[in-house]
Amino acid sequence: MRQPLVVGNWKMNGSLSLTSELLHSIENGIDDKISSSVGICVPFVYLAAAVTGVSGIKLKIGAQTVSEHVSGAYTGEVSAGMLAELGCHWVLVGHSERRMYFKEGNDVLVLKAIAAQKSNLEPIYCVGETADERKAGDTFKVIESQLAALLNNKEIDLSKVVLAYEPVWAIGTGLTASPEEAQEVHAFIRDLIKQKAGDLADNVQILYGGSMNPSNAESLLQQNDIDGGLIGGASLDAEAFISICQKASI
Ligand code: PGA
């Protein structure tokens with residue numbers, strides 16, 4: 001049985017005061033009725049405030065990217081060891097904005113996931129097709145190629161990876177994949193994992209991300225292979241985010 005998981009991705013938003021206010025409101029909103037695990041990925045500079053500002057039991061903190069290197073002359077980079085030392089639990093790897101704007105490709109992303117696991121961080125590995133790729137009928141091909149390097153790498157412990165399907169055309173656009181469209185891709189992803197890792201695939205959490213909000217969350221989260229959400233915009237609003245966590249707990 002897979003435990004539902006809802007993770008917020010604040011992207012490059014917030015401030016020091018907002019970090020403590022918003023995390024406080026979110027943590028207070030996580031009552032006994034919420035059975036999903038809950039996380040928030042904040043910008044690097046707010047991580048220290050975030051991890052000290054929450055109890056770390058109901059709500060765990062994550063980063064939005066990580067270096068593939070352990071240490072050394074990589075100006076501006078942050079290593080997995082540094083994030084772990086700070087008390088981070090998760091790290092996003094391969095978010096479409098990293099792939100698109102920072103030209104991070106599948107090979108380097110796998111190295112980032114390996115670096116994360118070596119420091120006991122749990123990578124949330126994101127994949128998703130663009131609108132053009134979907135229109136061209138290439139969705140499955142794109143997802144398969146984005147996942148190939150991860151699934152074929154012997155250094156990756158698939159039992160400690162969370163996957164996130166985030167159709168690029170649905171991110172921050174207000175357009176969401178229909179529950180059926182999303183489920184189709186999630187089932188495809190689980191099948192790919194099954195081909196490599198057998199029954200372990202049944203335990204891998206696969207999150208949906210892309211304009212998930214309190215109105216559409218329930219129908220998405222009811223799908224068999226959708227185990228939670230990766231939430232951008234709605235994670236900046238405590239009430240909306242908590243409402244999604246409640247829907248993931250039904
Ligand atoms: P969104 O972002 O919920 O604002 O669409 C999701 C994400 O980019 O992780």
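Keep in mind that what you see is a predicted model, and the values were worked out from it rather than measured. In what follows, residues are counted from 1 in the order of the sequence shown. Counting convention: from 1, in listed order, for ligands and their atoms alike.
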Is there a side chain to side chain contact (heavy atoms under 4.5 Å, CB included) between Glu77 and His69 once you walk through the steps? CA-CA 9 Å; Glu77 289 290 270; His69 302 290; 5.5 Å; no
So does His24 have more than 12 non-hydrogen atoms from other groups sitting under 6.0 Å from NE2? no
Member of Lys247, Gln246, Glu239 meeting the side-chain hydrogen bond (donor to acceptor under 3.5 Å, both in side chains) criterion with Ser243: Lys247
Should you measure from each heavy atom of Lys11, which atoms of ligand 1 turn up under 4.0 Å away? 2 (O), 7 (C), 8 (O)
I need the single residue from Glu218, Glu184, Gln223, Gln222 that forms a side-chain contact (heavy atoms from CB on, under 4.5 Å) with Pro179. Which is it? Gln223
Distance from atom 9 (O) of ligand 1 to nearest protein heavy atom, with residue and atom: Glu166 OE2, 2.7 Å
Taking distance alone, with N or O pairs closer than 3.5 Å, would you say Gly209 contacts ligand 1? no
Could you tell me whether ligand 1 has any atom less than 4.0 Å away from a heavy atom of Ala164? no
Please check whether Gly232 reaches ligand 1 - meaning an N/O of the residue sits under 3.5 Å from an N/O of the ligand, judged on distance alone. yes
For the CG atom on Asp199, are there more than 12 heavy atoms of other groups (residues, nucleotides or ligands in this structure) within a distance under 6.0 Å? no
Min heavy-atom dist Ala234 to ligand 1 below 4.0 Å: no
Closer than 4.0 Å to some heavy atom of Ser211 - which atoms of ligand 1 meet that? 1 (P), 3 (O), 5 (O)
Would the distance check show the side chain of Gln205 and the main-chain N or O of Arg2 forming a donor-acceptor pair, the cut-off being under 3.5 Å? no
Can you list the ligand 1 atoms lying under 4.0 Å from a non-hydrogen atom of Asn9? 9 (O)
Take atom CD of Gln3 as the centre, draw a 6.0 Å sphere, and report whether it contains more than 12 heavy atoms from other residues, nucleotides or ligands. yes
I'd like to check whether Ile171 has a polar contact with ligand 1, where a contact means an N/O of the residue lying under 3.5 Å from an N/O of the ligand. no
Min N/O separation His95 to ligand 1 under 3.5 Å: yes
How about Gln195: does its CD atom have over 12 heavy atoms from other parts shown lying under 6.0 Å from it? yes
Atoms of ligand 1 close to Ala170 [distance to a heavy atom under 4.0 angstrom, numbered from 1]: 5 (O)
Partner of Glu129 under salt bridge (Lys or Arg N to Asp or Glu O under 4.0 Å), chosen from Lys135, Lys141, Arg134: Arg134
If the cut-off is 4.0 Å to any non-hydrogen atom of Gly210, which atoms of ligand 1 fall inside it? 5 (O)
Please could you name the atoms of ligand 1 that Gly172 approaches to less than 4.0 Å, counting only its heavy atoms? 1 (P), 4 (O), 5 (O)
Atom indices of ligand 1 within 4.0 angstrom of Gly233 heavy atoms, with elements: 1 (P), 3 (O), 4 (O)
